[in-house]
Amino acid sequence: MSKKKPSDPKPTGTKPEHTYSFFENVWAVVRLIPRGRVTSYGAIARYLGSGKSARTVGYAMNAAHGQSPPVPAHRVLNRNGMLTGKHHFPGAEVMQYLLEKEKIKVANDTVVDFKRLFWDPATEL
DNA sequence: CCGGTGACTCTAT
DNA sequence: TATAGAGCCACCG
């Protein structure tokens with residue numbers, strides 16, 4: 001009783017929740033990617049406000065493994081639509097397999113009609 | 001606090 | 001058109 005209420009809507013910033021990091025933000029956007037669509041690291045980085053932090057987005061994908069809900073990292077490609085991160089999957093063929101399951105055609109480790117399937121968060125959202 | 005790293009992107013030669 | 005180098009941001013030890 002003497003202490004503050006359990007509600008305490010204003011902890012005066014003494015206990016900042018670092019749970020929401022740049023990574024969490026990236027994962028959230030990737031999970032918003034509709035099935036059968038793809039996007040690029042730069043597009044996500046740009047949507048988050050840092051158009052030049054594309055590398056950090058890829059780094060976040062590296063930590064996306066085992067996250068819950070799962071992050072469809074196979075829908076994130078580089079600017080060329082190439083499966084640059086396929087080597088980081090449990091199997092180099094897994095990424096392409098997942099994309100084909102979404103009706104996405106892949107040739108030479110590159111998504112066909114990438115521009116057409118491109119999903120830009122800054123435009124769609 | 002400082003340095004290294006990385007699933008990127010752009011520009012120059 | 002292809003290859004090489006630099007920039008840039010965020011996380012980790």
Side-chain angles (χ1 to χ4, degrees):
Chain A
M1 302 157 144
S2 310
K3 283 207 134 207
K4 297 188 277 189
K5 290 173 58 146
S7 303
D8 206 324
K10 274 182 57 196
T12 178
T14 282
K15 192 176 170 290
E17 268 143 43
H18 285 188
T19 311
Y20 287 116
S21 317
F22 192 89
F23 283 31
E24 289 280 356
N25 208 355
V26 172
W27 301 336
V29 175
V30 175
R31 288 195 211 104
L32 292 174
I33 301 174
R35 185 170 171 281
R37 296 293 280 278
V38 291
T39 188
S40 65
Y41 303 98
I44 296 170
R46 206 151 133 122
Y47 174 72
L48 294 177
S50 310
K52 292 158 190 185
S53 58
R55 305 172 84 182
T56 312
V57 174
Y59 201 73
M61 295 286 95
N62 191 17
H65 279 287
Q67 286 302 323
S68 196
V71 179
H74 63 272
R75 291 183 187 149
V76 185
L77 319 166
N78 71 352
R79 231 187 141 325
N80 286 320
M82 185 175 174
L83 285 58
T84 50
K86 74 172 189 180
H87 293 291
H88 292 262
F89 274 77
E93 303 173 5
V94 176
M95 191 171 186
Q96 180 171 339
Y97 176 72
L98 292 170
L99 288 169
E100 292 190 336
K101 276 203 89 149
E102 313 229 341
K103 307 296 189 286
I104 300 175
K105 302 286 166 55
V106 180
N108 288 337
D109 299 340
T110 308
V111 173
V112 181
D113 290 336
F114 169 69
K115 291 186 302 190
R116 203 161 72 83
L117 299 172
F118 188 80
W119 179 85
D120 188 347
T123 301
E124 304 293 336
L125 306 182

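Letters go in sequence order (proteins before strands), and every chain restarts at 1.
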Base, sugar-phosphate, or nothing: which does [X] touch, judged by heavy atoms less than 4.0 Å apart?
| X | result |
| --- | --- |
| A/A73 | base |
| A/H65 | base |
| A/N78 | sugar-phosphate |

Check the distance between [N]'s [atom2] and [X]'s [atom1] and give it to me in whole angstrom.
| X | N | atom1 | atom2 | value |
| --- | --- | --- | --- | --- |
| A/Y41 | B/dC8 | OH | P | 6 Å |
| A/K52 | C/dA6 | NZ | P | 18 Å |
| A/N25 | C/dC9 | CG | P | 17 Å |
| A/N80 | B/dC10 | CG | P | 9 Å |
| A/R79 | B/dT11 | CZ | C1' | 13 Å |
| A/M61 | C/dA10 | CE | C1' | 14 Å |
| A/L48 | B/dT9 | CG | P | 14 Å |
| A/H87 | B/dG6 | NE2 | P | 15 Å |

Do the side chain of A/W27 and the main chain of A/P69 share a donor and acceptor less than 3.5 angstrom apart?
-> no
State whether the side chain of A/N108 and the backbone N or O of A/T110 hold a donor-acceptor pair below 3.5 Å, judged by distance alone.
-> no
For nucleotides 11-13 of chain C, give me every protein contact, N/O to N/O, under 3.5 Å, one pair per line with atom names.
residue : atom : partner : partner atom : Å
C/dC11  : OP1  : A/F22   : N            : 3.2

Hydrophobic cluster identity match, A/Y47 and A/M61, side-chain contacts under 4.5 Å =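 Yes, A/Y47 and A/M61 fall within the same hydrophobic cluster.
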Would you say A/L83 and A/L117 are hydrophobically clustered, going by side-chain heavy atoms of ILVMFWY under 4.5 Å?
-> yes
Between CD1 of A/I33 and OG1 of A/T39, what distance do you get to the nearest 0.5 Å?
-> 5.5 Å
Gap between atom CG of A/L125 and atom CH2 of A/W119 - 0.5 Å precision |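 These two atoms lie 4.5 Å from each other.
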Does atom CZ of A/R37 have more than 12 heavy-atom neighbours from other groups under 6.0 Å away?
-> yes
Among B/dA7, B/dT9, C/dC8, the one nearest A/S40 by side-chain distance |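 Selected nucleotide (nearest to the side chain): B/dT9.
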Confirm from the modelled atom types if A/R55 and C/dC8 form a donor-acceptor pair under 3.5 Å, side chain to base only.
-> yes
